[in-house]
Amino acid sequence: MRHPLGYIASDILSRYKRMSGFNVLHPMGFDSFGLPAEQYAVQTGIHPAESTATNIGRYKNQLFNLGLDYDWDREVRTSDPKYYKWTQWIFSLLFEHYYDLDKNKAIHISELDKIFSSEGNSNVNAANSQDTVFSASEWNSMEEKDKQVILMNYRLAYRKGTYVNWCEELGTVLANDEVKDGVSERGGVPVVKKTMLQWSLRITAYAERLLADLNTVEWSESLKLMQKNWIGKSTGLQMLFPIENSNENLEIYTTRPDTIYGVTFMVLSPEHPLLMEIVSEEQSQAVNEYREYAVNRSEIERTSEKKVTGVFTGAYAVNPLNGKKIPILTSEYVLMDYGTGAIMAVPSDDDRDRAFAEKFDLPIINIIDKSKYPGSTSKDKEGIMINSEDIDGMEVPDAIKYVIGKVEGLGIGKSQINYKLRDANFSRQRYWGEPFPVIYDDNDTAFLIPFDQLPLELPDIHHFKPGSDGRSPLASDQKWVNQIAGSTRETDTMPEFAGSSWYFLRYMDPHNDEKFVSPEAIEYWQDVDFYIGGTEHAVGHLMYSRFWHKFLYDLGYVNSVEPFKKLVNQGMIQGVIEYIYLLKDKENEGNQFVCASMIESDNLEKYAKIPVYIDYVKDHGLQHPYLDKEGIDKFRNWIPEYANAKFIFENGSYQNGELSSGTENFKLYTTYEVGKMSKRYYNVINPDDVVAEYGADTFRMYEMFLGPIEQSKPWDTKGIDGISKFLRRFWNIFFNEDGNIDLSDEKPIDSELKILHKTIKKVTEDIGNLSYNTAISAMMIFVNEFKNSEIVKKDIFIPMIKLIAPFAPFIAEELWNLTGGEGSVHHQQFPLYEEKYLIDSTVEYPICINGKKRGTEVFSADMSNADIEKYVREMELVGKWLEGKDIMKVIIVPKRMVNIVVK
RNA sequence: GCCGAAGUGGCGGAAUUGGUAGACGCGCUGGACUCAAAAUCCAGUGAUAGCAAUAUCGUGCGGGUUCGAUUCCCGCCUUCGGUACCA
């Protein structure tokens, strides 16, 4: 189990909010479909349904042990047919809608059918992947199956031969956010680009709204920025370059129309459909070979070694603005799935184009004079145009506008907005996911399974290995595939993000069999007020959820534009890795370890750092951690390779149980660094073990006390004693020497009330800011003040039990009962502070002269600033320091200081 | 490379957002209790000088604004995240 930082944080907040009178929905659910369970099934033969049920059971138990107070009657599991019925339903809705870019919302596909039959598609402004234009009469004379092919290009869930990330080892395709550095995020296995017939979601239709609405949510700036970059909006010009001796035009996209006179070559992506059409006879072999090379290069090869490669196609384009003949090349640095898959290359003002031009000896024309803009790089849109015919002398931004206008005027291009965001690949060739509610007829036309027949349940099969032909294990269940006469089922399943893109809505009404969520529940709960999760969801889950939510909003099923109003990324608990130093190049003399205090810091290459199991290390994670004799013996027994190793420390050495010198208490110092908790560093701290040793309350408070929840921080076992001590002290305050509780009705004195209310104020404010570590500090100060008090005054200590309840629910509940409290402490009103107890009747001001403290003085609280100033000017203390100087002004910082400024 | 965040004692981290830097906890030192240990309690704990009161320095480095800067501005350095042939 990962450290439950986020769970604890939200639990504290939800308990606090409940005690403050709010109706809190604090749910928990399980994203139980997906690759990990299925990979486990492939390895062990255990059905994923079975292993996920076991895992969830175990997991719930752990959560329960931590005192996490979830509404378990609202639990959802994405792999439950009662749940995924609605996931399938949302897919069906996506299938049945298209996106109207003028109205800026999703609209039923039947509307599109009407428009097509009355006016064709030329005036339709919709998100689409349709590349031909047809008239109404053409549409009306089409066969149904051809109409369906065209409609498919407009649907928000569409099936198309797309260029995808294929992962051979996992036997499935992956979405862009599931691929990192050319390997799969799960499992880290290689990914190649491949064209496959796949379902996709047209998330790009929502790109602009996904970008714009980021301004309406309370997320960290860095997270919003990640989403912005992932969406990657750019404005530019899409235009046609005629191809010499051909009827074809080459369509390119550029954000720098100003550089059009600097174009010295064109580059096509190796996968570009036009490539094989325009290639000249003498170049066709070379181009074919290059295509072969590029297509087979895996993503990881492409990204890790960026080679400058490419070949000439033998064809030429013509610059439409000045008629210049430009060679067309192909190179893998131009990506097929961004823009048009073709570029105009301007080597003078683009680094990649320049590298390419230099390697292949292509001309470079300088077109921008940047002498007026020192420090300006080729990426900055600034400078004065030169060598550029009619735009010479223009500033870059003006030139961009001018060229766009000119090209549009010629009717060979238009200004265009592009996004890096790609449509989301929605098919997985795996078993353990939601089946598509889709069947195909003989013409391969897709039809939805009627809603009243949902859920379409996963058949119970027992071999989970994906077929090597890129087909899902479901395809082998012929009975299921052909269940409906005259048609076949879709055998791919939906990806993991399908079920997790809307689960938060289901919590509002988890048992509804008639609706995904009732309108009343939506009206009542609205959206997620507070969402806590890891950064790993920055561009995956959070993007898809927002997209689905906006779609459901368009259809009127939800009434908020954004699903997650406020979002906090919790950090991770890291581990401390302890290392000892092995001398390299000592093979002949056997392994030798050297004490960390003796290593030559300027010669670190001489040593290999070997991680040590943290339990063997004394003073682990502290300033001077070390291995003693016992630790070394354990280490030797643990790794046989080092059983006979020699351990050299400051005053001797140790080998095979023999000490070279007299001292028994030797220390072999280690060094440590902070890193991941991982089996390979032998530094995993299991929450269950900590809970078993210290109790859940201590564990919860300690994880919160370590630092702000957004931050990752190392687990430091020693520090937990502080929290443990604090809770013990708090507990002990209530008991007298005989072990009995006797609460006193005696009224508290002013100074006691002051401490209490100061604490309540601090804790209340800190919970609101999620600053739990400082809230805990405040409670510690309280306990330090009262730990020796003889009488336990009710009016002081009962509120304190309530105050600590969100943090330490078990201890608080027990104390509440023992002190005769009614019901549960978690149903009590959280204490409120009263300002009157916070006011200091006297304030001790430091008196400073030019910021330097020269003494202190007590002023009563009812003195005005003017009174204080007058008083200060007459003070003896001041006079002593001010001889011969003029007082310029007196600055009174409320409750802080009085500063006298002198010349 | 680009974008973002952050650098404070031996350590995790506070600092009312321009106002006594280092709260709280760990660790360390000394003391009390104990035959002893553990536990508990008390005191100290940024550096330097001093018996001391106190003084000087001190929030990554170098400058600036200000009576006053961890906080604001300019220029660097380092670390951690994100992202990468996006035209």
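Residue numbering restarts at 1 for every chain, and letters A, B, ... go by the order of the sequence lines.
When both pairing distances are held under 3.5 Å, rG44(B) makes a Watson-Crick or G-U pair with rC28(B). The nucleotide rA15(B) finds no pairing partner, because no Watson-Crick or G-U wobble arrangement with both distances shorter than 3.5 Å includes it. As the counterpart of rG81(B), rC3(B) is assigned, both hydrogen-bonding distances of the Watson-Crick or G-U wobble pattern falling under 3.5 Å. Pair check for rG9(B) finds none; no Watson-Crick or G-U wobble contact set falls under 3.5 Å. Across the strands present, rU59(B) finds no partner; the criterion is a Watson-Crick or G-U wobble pair with both atom distances under 3.5 angstrom. The pairing partner recorded for rA52(B) is none, the criterion being a Watson-Crick or G-U wobble arrangement whose two distances lie under 3.5 angstrom. Nucleotide rA39(B): unpaired (no Watson-Crick or G-U wobble partner with both distances less than 3.5 Å). With a cut-off of 3.5 Å on both pairing distances, rU70(B) has no Watson-Crick or G-U wobble partner at all.
RNA chain B is contacted by both P708(A) and Y702(A); P708(A) maps to the nucleotide lying nearer its 5′ end (nearest heavy atom per residue). Nucleotides of RNA chain B nearest to L335(A) and N784(A) differ in position, and the one nearer the 5' end is that of N784(A).
Between Y338(A) and the phosphate of rA87(B), there is a side-chain N or O to OP1/OP2 separation shorter than 4.0 Å. Note on K725(A): a side-chain N or O is less than 4.0 Å away from OP1 or OP2 of rC26(B). The shortest distance between the side-chain N/O atoms of R728(A) and the OP1/OP2 oxygens of rA39(B) is not below 4.0 Å. Under 4.0 angstrom from either OP1 or OP2 of rA14(B) there lies at least one side-chain N or O belonging to N773(A). The side chain of K787(A) contributes an N or O atom lying less than 4.0 Å from OP1 or OP2 of rC42(B).
Between H537(A) and H541(A), the ring planes are perpendicular. Angles over 60° get that label, and only those under 30° would be called parallel. The aromatic rings of F807(A) and Y772(A) stand perpendicular to each other, their planes meeting at an angle above 60°, with 30° marking the opposite boundary.
Annotation: K758(A), atom NZ; neighbour count of heavy atoms from other residues, nucleotides and ligands within 6.0 Å does not exceed 12. More than 12 non-hydrogen atoms from other residues, nucleotides or ligands lie less than 6.0 angstrom from CE of M336(A).
Side chain of N899(A), nearest nucleotide from rA87(B), rC26(B), rG19(B): rG19(B). Side-chain proximity of S222(A) to the nucleotides rC67(B), rA87(B), rG4(B) is greatest for rG4(B). When the nucleotides rA87(B), rC24(B), rC26(B) are ranked by their closest atom to the side chain of I343(A), rA87(B) comes out on top. Comparing rC85(B), rG12(B), rC3(B) against the side chain of L225(A) picks out rC3(B) as the nearest. When distances run from any side-chain atom of Y253(A) to the nucleotides rA87(B), rC24(B), rU83(B), the shortest one goes to rA87(B). Among rG12(B), rA87(B), rU83(B), the nucleotide with an atom closest to any side-chain atom of W230(A) is rU83(B).
rU71(B) sits 13 Å from rG62(B) when the P atoms are compared, rounded to a whole Å. Between rC57(B) and rG63(B), the two P atoms lie 15 Å apart (nearest whole Å). Distance noted for atom P between rC28(B) and rG10(B): 16 Å (whole Å). Comparing the same atom, P, in rC80(B) and in rG75(B) gives a spacing of 24 Å after rounding to whole Å. Nucleotides rA14(B) and rU8(B) are separated by 10 Å at their C1' atoms, to the nearest Å. With both ends at atom P, the span from rG9(B) to rA23(B) equals 13 Å, rounded to whole Å. With both ends at atom P, the span from rG13(B) to rG68(B) equals 32 Å, rounded to whole Å. rA43(B) and rC24(B) have their P atoms separated by 12 Å, with the value rounded to a whole Å.
Across all strands, V334(A) comes closer than 4.0 Å to base atoms (heavy-atom distances). Using a 4.0 Å heavy-atom criterion, one finds that N788(A) contacts the sugar-phosphate atoms exclusively. Counting non-hydrogen atoms under 4.0 angstrom, K761(A) reaches nothing in the nucleic acid. Residue Q711(A) is classed as a sugar-phosphate contact, given heavy-atom separations below 4.0 Å to backbone atoms only. Using a 4.0 Å heavy-atom cutoff across all strands shown, I891(A) reaches at least one base atom of the nucleic acid. Among the heavy atoms of the strands lying under 4.0 Å from R729(A) are primed sugar atoms or P, OP1, OP2 only; no base atom is included.
Annotated as anti: rG68(B), whose O4'-C1'-N torsion sits more than 90° from 0. Taking the syn range as angles within 90° of 0, the glycosidic angle of rU17(B) is syn.
rG81(B) atom C1' lies 13 Å from atom CG of N229(A), rounded to whole Å. One interatomic measurement links the two molecules: CE of M226(A) to C1' of rG81(B), which rounds to 7 Å at whole-angstrom precision. Rounded to a whole Å, the CG atom of D721(A) is 18 Å from the P atom of rG12(B). Following rounding to the nearest Å, I892(A) (CD1) and rG68(B) (P) show an atom-to-atom distance of 19 Å. Residue L706(A) contributes atom CG, which lies 7 Å from atom C1' of rG12(B) at whole-angstrom precision. Taking atom CD1 of residue I776(A) and atom P of nucleotide rC26(B), one finds them 13 Å apart after rounding to whole Å. The distance from atom CG of L421(A) to atom C1' of rA84(B) is 16 Å, rounded to the nearest whole Å. Remark: P of rC3(B) and CG of L223(A) are 19 Å apart, rounded to the nearest angstrom.
Counting only distance, with no hydrogens or angles, the side chain of R354(A) and the backbone of D349(A) share no donor-acceptor pair below 3.5 Å. Within the 3.5 Å criterion, the main-chain N or O of G534(A) finds a donor-acceptor partner in the side chain of Q570(A).
The shortest side-chain heavy-atom distance between L5(A) and M572(A) does not fall under the 4.5 Å cut-off. Contact of the Y694(A) side chain with the D721(A) side chain is registered, since non-hydrogen atoms from C-beta on lie closer than 4.5 Å.
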Apply salt bridge (charged side-chain N to carboxylate O under 4.0 Å, His left out) to the pair E271(A) and R291(A), showing each step before the final yes or no. CA-CA 7 Å; E271(A) 295 91 359; R291(A) 254 166 71 102; over 6 Å; no

